[in-house]
S.K.: 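Below you will find the structure I want to go over with you.
For the single chain, residues carry numbers from 1 onward in sequence order.
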Amino acid sequence: MPAIVLVGAQWGDEGKGKATDLLGERVDYVVRYQGGNNAGHTVVIGDRSFALHLLPSGILTPGCTPVIGNGVVVDPAVLLEEIAGLQAQGVDTSRLILSPDAHLITPYHVTLDKVAERFLGNAKIGTTGRGIGPAYADKVARLGIRVQDLFDEGILRQKVEGSLALKNQILVKIYNRREIDPTEVVDALLSYADALRPMVADTSRILNEALDDDRVVLLEGGQGTLLDVDHGTYPFVTSSNPTAGGASTGSGIGPTRISRVIGILKAYTTRVGSGPFPTELHDEDGERLRRIGGERGVTTGRDRRCGWFDVPIARFAGRVNGLTDFFLTKLDVLTGWDEIPVCVAYEVDGVRMDDIPMTQTDFHHARPVYEMLPGWHEDISGARELSDLPPNARAYVQFIEDATSVSISAIGVGQDRNATISVRDLIR
């Protein structure tokens, strides 16, 4: 059975948790392949809402094995706290497995993240301050601490001391902060070893053997396409690759084993943090989208910036991810508008561009070119078939599908896990 990748097709917060949870009952493994606890999924089951940050959404589905892959950066304190929180709510977390090659977020990564962002002032990136960027920087610089290092105190101490030799100079001489004691860091990290040890397993081997045995493996990314460090709105991006290409490197599953890539796409557009956002609204419509859509970051608690749907972004996501399907979420939020603007192109210095501009400068200056679509006022939260939608809502969905050339295979019409229209099977 080939693997399936689930990616955000905008700036994140598109509803990947809902999509993963919806597929979970038919999936044997759900793999988080990049990011850290700077991402968040909200999954609503009945009258209960679960906020997940590090754990794959499959943790909520009985019989499904959740996997934290090698491409994730893990804050052990956050991971154990999240596990304890779910256990307190009666969720079985015993199936979780963790790659020994995943890198750890240490206390000094968090400190550096926060002081560097403050140091940048108005030029700040808008990070969550959770140490994700510095942890990935250490990974690339070959100074990182991995999960497996927790089980060899000698190696752990050597790596922490080597990393802090330079970082303490930066903290003291540039940021005017006190040095961090390597022994305190080592002791703190070692305190997590016994709790994490039972979860650690050769995840790459397990996943490939699962595929050999005709199991269904779902790979989920955090954030979204436009936050990818290579393909996003750099430098206002995350520090890893949430695009589909990152699924292979972050899980140890070869790209030829992936047969389906599903892009999660909100029926409008949001983003958190700094950076360009051509369709952003600073008016009553933007506030209305924010209020109705509950647009507040799961991890940060920050209000999300809101705007109308952006076709060039969705088309770009289809291209760089090789999308086979879209899962369109939060269509119900658009109920109540007489007309709904959809961005079909940009204007940059008087020139129309049908695709995302090639340069950061042009994208910052891009102004949306809108096409107006008729809205609807009927409640669609109970729709379970495409035919249940009012004509204008169906026309809106069809417009997006035609404009992006990617099939919309599922549509979210409400918060609950069952409030979904299935147009085409997302697994078979």
S.K.: For Leu112 and Lys167, which heavy atoms make the closest approach, and how far apart are they?
M.R.: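 Here Leu112 and Lys167 meet closest at CD1-CD, 3.5 Å.
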S.K.: How about Asp75 and Asn37: does a side-chain donor come under 3.5 Å of a side-chain acceptor?
M.R.: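 Asn37 and Asp75 do not have a side-chain donor-acceptor pair below 3.5 Å.
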S.K.: Does the side chain of Thr361 pick up a donor-acceptor pair with the side chain of His364 at under 3.5 Å?
M.R.: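 Side-chain D/A pair, Thr361 to His364: absent.
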S.K.: Looking only at atom types and distance, does a side-chain atom of Asp213 sit under 3.5 Å from a main-chain N or O of Ala210, one as donor and one as acceptor?
M.R.: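 Checking the backbone N and O of Ala210 against the side chain of Asp213, no donor-acceptor pair under 3.5 Å is found.
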S.K.: Rounded to the nearest 0.5 Å, how far apart are CZ of Arg271 and CZ of Arg304?
M.R.: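 Answer rounded to 0.5 Å: 13.0 Å.
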S.K.: Test your reading of the model: is there a side-chain donor-acceptor pair from Glu82 to the backbone of Leu52, 3.5 Å cut-off?
M.R.: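 Judged by distance alone, no pair lies under 3.5 Å.
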S.K.: With a 6.0 Å cut-off (strictly less than), is the heavy-atom count around CD of Glu385, excluding the residue itself, greater than 12?
M.R.: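 No - once you tally the heavy atoms of other residues, nucleotides and ligands closer than 6.0 Å, there are 12 at most.
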S.K.: I want to check something: taking the side chain as every heavy atom from C-beta on, are Thr335 and Ile380 in contact at a cut-off of under 4.5 Å?
M.R.: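 In short, these two side chains touch, coming nearer than 4.5 Å.
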S.K.: Between CG of Leu265 and OG1 of Thr404, what distance do you get to the nearest 0.5 Å?
M.R.: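 Answer rounded to 0.5 Å: 7.5 Å.
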S.K.: Minimum heavy-atom separation for Tyr234 to Gln360, with atom names?
M.R.: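 Smallest heavy-atom distance, with atoms named: O-OE1, 3.3 Å.
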S.K.: If only atom types and distance count, is the side chain of Glu14 paired as donor or acceptor with the main-chain N or O of Gly12 below 3.5 Å?
M.R.: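 At least one qualifying donor-acceptor pair exists.
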S.K.: Have a look at Trp337 and tell me which of Trp308, Trp376, Tyr268 forms a ring pair (Phe, Tyr, Trp, His ring centres under 6.0 Å) with it.
M.R.: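 Exactly one option meets the ring pair (Phe, Tyr, Trp, His ring centres under 6.0 Å) with Trp337, and it is Trp308.
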S.K.: Are Val351 and Glu347 side-chain neighbours, meaning at least one heavy-atom pair lies under 4.5 Å?
M.R.: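 The answer is no; the side chains never approach within 4.5 Å.
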S.K.: Could you tell me whether a side-chain N or O of Ser99 sits under 3.5 Å from a main-chain N or O of Gly69, the two making a donor and an acceptor?
M.R.: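 No; zero donor-acceptor contacts below 3.5 Å.
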S.K.: Flag the pair Val7 / Tyr33 as yes when at least one side-chain heavy-atom distance between them is below 4.5 Å, and no otherwise.
M.R.: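 When only atoms from C-beta onward are counted, Tyr33 and Val7 do touch, with a gap below 4.5 Å.
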S.K.: Could you walk me through whether Glu284 and Glu287 pass side chain to side chain contact (heavy atoms under 4.5 Å, CB included), step by step?
M.R.: CA-CA 5 Å; Glu284 188 176 308; Glu287 181 54 40; 5.7 Å; no
S.K.: When you look at Arg130 and Asp113, which way does the salt bridge (charged side-chain N to carboxylate O under 4.0 Å, His left out) test go after all the steps?
M.R.: CA-CA 7 Å; Arg130 286 163 168 78; Asp113 199 2; over 6 Å; no
S.K.: Do Arg315 and Asp355 sit within salt-bridge range, that is, some charged N less than 4.0 Å from a carboxylate O?
M.R.: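 A salt bridge is present here (some side-chain N lies under 4.0 Å from a carboxylate O).
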S.K.: How are the rings of Trp11 and Phe363 set to each other: parallel, tilted or perpendicular (split at 30° and 60°)?
M.R.: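 Taking Phe363 first and then Trp11, their aromatic rings lie parallel (interplane angle under 30°).
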S.K.: Under a 3.5 Å threshold, yes or no: a donor from one side chain and an acceptor from the other, between Ser381 and Asp332?
M.R.: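 The criterion, which ignores hydrogens and geometry beyond distance, is not satisfied for Asp332 and Ser381.
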S.K.: Treating Asp283 as the side-chain partner and Gly286 as the backbone partner, does any N or O pair qualify as donor plus acceptor under 3.5 Å?
M.R.: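 Present.
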S.K.: Look at the side chain of Gln223 and the backbone N and O of Thr238, then say whether any donor-acceptor pair between them is shorter than 3.5 Å.
M.R.: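 Checked: no pair found.
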S.K.: What distance do Arg260 atom CZ and Ile427 atom CD1 have between them, rounded to the nearest 0.5 Å?
M.R.: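 CD1 of Ile427 is found 8.5 Å from CZ of Arg260.
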S.K.: Using side-chain heavy atoms (C-beta onward) and a distance below 4.5 Å, is Val406 in contact with Thr324?
M.R.: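 When only atoms from C-beta onward are counted, Thr324 and Val406 do not touch, as no gap falls below 4.5 Å.
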S.K.: For a quick test of reading the model, state the closest non-hydrogen atom pair linking Gly58 to Pro66 and the distance between them.
M.R.: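 That closest heavy-atom pairing would be C-CB, 4.4 Å.
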S.K.: Checking side-chain polar atoms at under 3.5 Å, does His103 have a donor or acceptor matched by the opposite partner on Asn70?
M.R.: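 There is no such pair between these side chains.
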S.K.: Among Ile421, Ile411, Asp402, which residue satisfies the side-chain contact (heavy atoms from CB on, under 4.5 Å) criterion with Val397?
M.R.: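 Only one of Ile421, Ile411, Asp402 forms a side-chain contact (heavy atoms from CB on, under 4.5 Å) with Val397, namely Ile411.
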S.K.: Nearest 0.5 Å, please: how far is CD1 in Ile97 from CG in Leu207?
M.R.: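 Reported value, rounded in 0.5 Å steps: 6.0 Å.
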S.K.: Less than 4.5 Å apart, side chain to side chain, heavy atoms only: is that true for Phe309 and Thr279?
M.R.: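 Not touching, per the 4.5 Å side-chain cut-off.
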S.K.: Does Arg32 use its side chain to pair, donor to acceptor, with the backbone of Leu55 at less than 3.5 Å?
M.R.: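 Such a contact is absent between Arg32 side chain and Leu55 backbone.
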S.K.: Show, in sequence, the C-alpha distance, side-chain angles and deciding distance for Leu226 and Gln10, and conclude whether the side chain to side chain contact (heavy atoms under 4.5 Å, CB included) test is met.
M.R.: CA-CA 6 Å; Leu226 273 295; Gln10 294 158 317; 5.7 Å; no
S.K.: Tell me, do Met358 and Asp362 make a side-chain contact under 4.5 Å, heavy atoms counted?
M.R.: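 No, their side chains stay 4.5 Å or more apart.
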S.K.: Look only at the side chain of Arg424 and the backbone of Ile408, and say whether a donor-acceptor pair between them is shorter than 3.5 Å.
M.R.: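 Indeed, once roles are kept as given, a pair shorter than 3.5 Å links the two residues.
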S.K.: Provide the closest heavy-atom pair for Leu323 versus Ile262 in the form atom of the first, atom of the second, distance.
M.R.: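 Where Leu323 meets Ile262 most closely, the heavy atoms are CD2-C, 4.0 Å.
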S.K.: Quick one about Asp325 and Ser409 (side-chain donor to acceptor, distance below 3.5 Å, no hydrogens or angles considered), yes or no?
M.R.: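 Yes, side-chain donor-acceptor contact under 3.5 Å.
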S.K.: Does Arg142 have more than 12 heavy atoms from other residues, nucleotides or ligands lying within 6.0 Å of its CZ?
M.R.: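 No, CZ of Arg142 has 12 or fewer neighbouring heavy atoms, counting only those of other groups under 6.0 Å.
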S.K.: Walk me through whether Arg215 and Val27 qualify under side chain to side chain contact (heavy atoms under 4.5 Å, CB included).
M.R.: CA-CA 8 Å; Arg215 305 287 186 181; Val27 170; over 6 Å; no
S.K.: Going by atom types alone, do Lys159 and Ser163 pair a side-chain donor with an acceptor below 3.5 Å?
M.R.: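 No, because no side-chain N or O of Lys159 sits under 3.5 Å from a partner of the opposite role on Ser163.
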S.K.: Does a donor on one side chain sit under 3.5 Å from an acceptor on the other, for Thr225 and Asn321?
M.R.: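 There is such a pair (donor and acceptor under 3.5 Å, judged by atom type) between the side chains of Thr225 and Asn321.
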S.K.: Do you know which of Arg305, Arg290, Arg367 makes salt bridge (Lys or Arg N to Asp or Glu O under 4.0 Å) with Glu280?
M.R.: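 The single option meeting the salt bridge (Lys or Arg N to Asp or Glu O under 4.0 Å) with Glu280 is Arg305.
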S.K.: Take Val413 and Asp388 through the side chain to side chain contact (heavy atoms under 4.5 Å, CB included) test and state the conclusion after the steps.
M.R.: CA-CA 11 Å; Val413 292; Asp388 295 336; over 6 Å; no
S.K.: Keeping the roles fixed (side chain from Ser405, backbone from Glu401), state whether a donor-acceptor pair exists under 3.5 Å.
M.R.: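 Absent.
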S.K.: Between Ser94 and Asp92, is any side-chain donor less than 3.5 angstrom from a side-chain acceptor?
M.R.: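 Distance-only check passes for Ser94 and Asp92.
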S.K.: Could you check whether any side-chain heavy atom of Val74 comes within less than 4.5 Å of a side-chain heavy atom of Leu98, counting everything from C-beta outward?
M.R.: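 Val74 vs Leu98: side chains touch.
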S.K.: About how many Å separate NZ of Lys266 and CD of Glu295, when rounded to the nearest 0.5 Å?
M.R.: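 Going from the CD atom of Glu295 to the NZ atom of Lys266 covers 3.5 Å.
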S.K.: When you check the gap from the basic side-chain N to the acidic O, do Asp212 and Arg205 get nearer than 4.0 Å?
M.R.: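 Result for this pair is no, no salt bridge flagged.
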S.K.: Do Asp28 and Thr65 come close enough that some side-chain heavy atom pair is under 4.5 Å?
M.R.: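 Heavy-atom side-chain distance check fails, nothing below 4.5 Å.
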S.K.: Please name the pair of heavy atoms, one in Ala247 and one in Ile258, separated by the smallest distance, quoted to 0.1 Å.
M.R.: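 Nearest heavy atoms, Ala247 then Ile258: CB-CD1, 4.4 Å.
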S.K.: Classify the side-chain pair Asp349/His365 by whether it contains a donor and acceptor separated by less than 3.5 Å.
M.R.: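 No.
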S.K.: Nearest 0.5 angstrom please: Ser239 OG to Asp228 CG, how far?
M.R.: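 Reported to 0.5 Å precision, the distance equals 11.0 Å.
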S.K.: For Tyr346 and Asp310: C-alpha separation, side-chain torsions, deciding distance, then whether side-chain hydrogen bond (donor to acceptor under 3.5 Å, both in side chains) applies.
M.R.: CA-CA 10 Å; Tyr346 307 124; Asp310 190 314; 2.8 Å; yes
S.K.: Between Arg26 and Asp425, is there a salt bridge with N-O shorter than 4.0 Å?
M.R.: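 Salt bridge present between Asp425 and Arg26.
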S.K.: If we count only N and O atoms by modelled type, under 3.5 Å, do the side chains of Gln87 and Thr93 hold a donor and an acceptor together?
M.R.: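 Gln87 vs Thr93: donor-acceptor pair found between side chains.
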S.K.: Answer yes or no: is there a donor N or O on one side and an acceptor on the other, between the side chain of Arg197 and the main chain of Tyr192, under 3.5 Å?
M.R.: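 No, because the side chain of Arg197 does not come within donor-acceptor range (under 3.5 Å) of the backbone of Tyr192.
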S.K.: If you compare all heavy atoms of Gly232 against all heavy atoms of Val237, which two are closest, and at what distance to 0.1 Å?
M.R.: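 Scanning both residues completely, I find the closest heavy atoms to be C-CG1, 3.6 Å.
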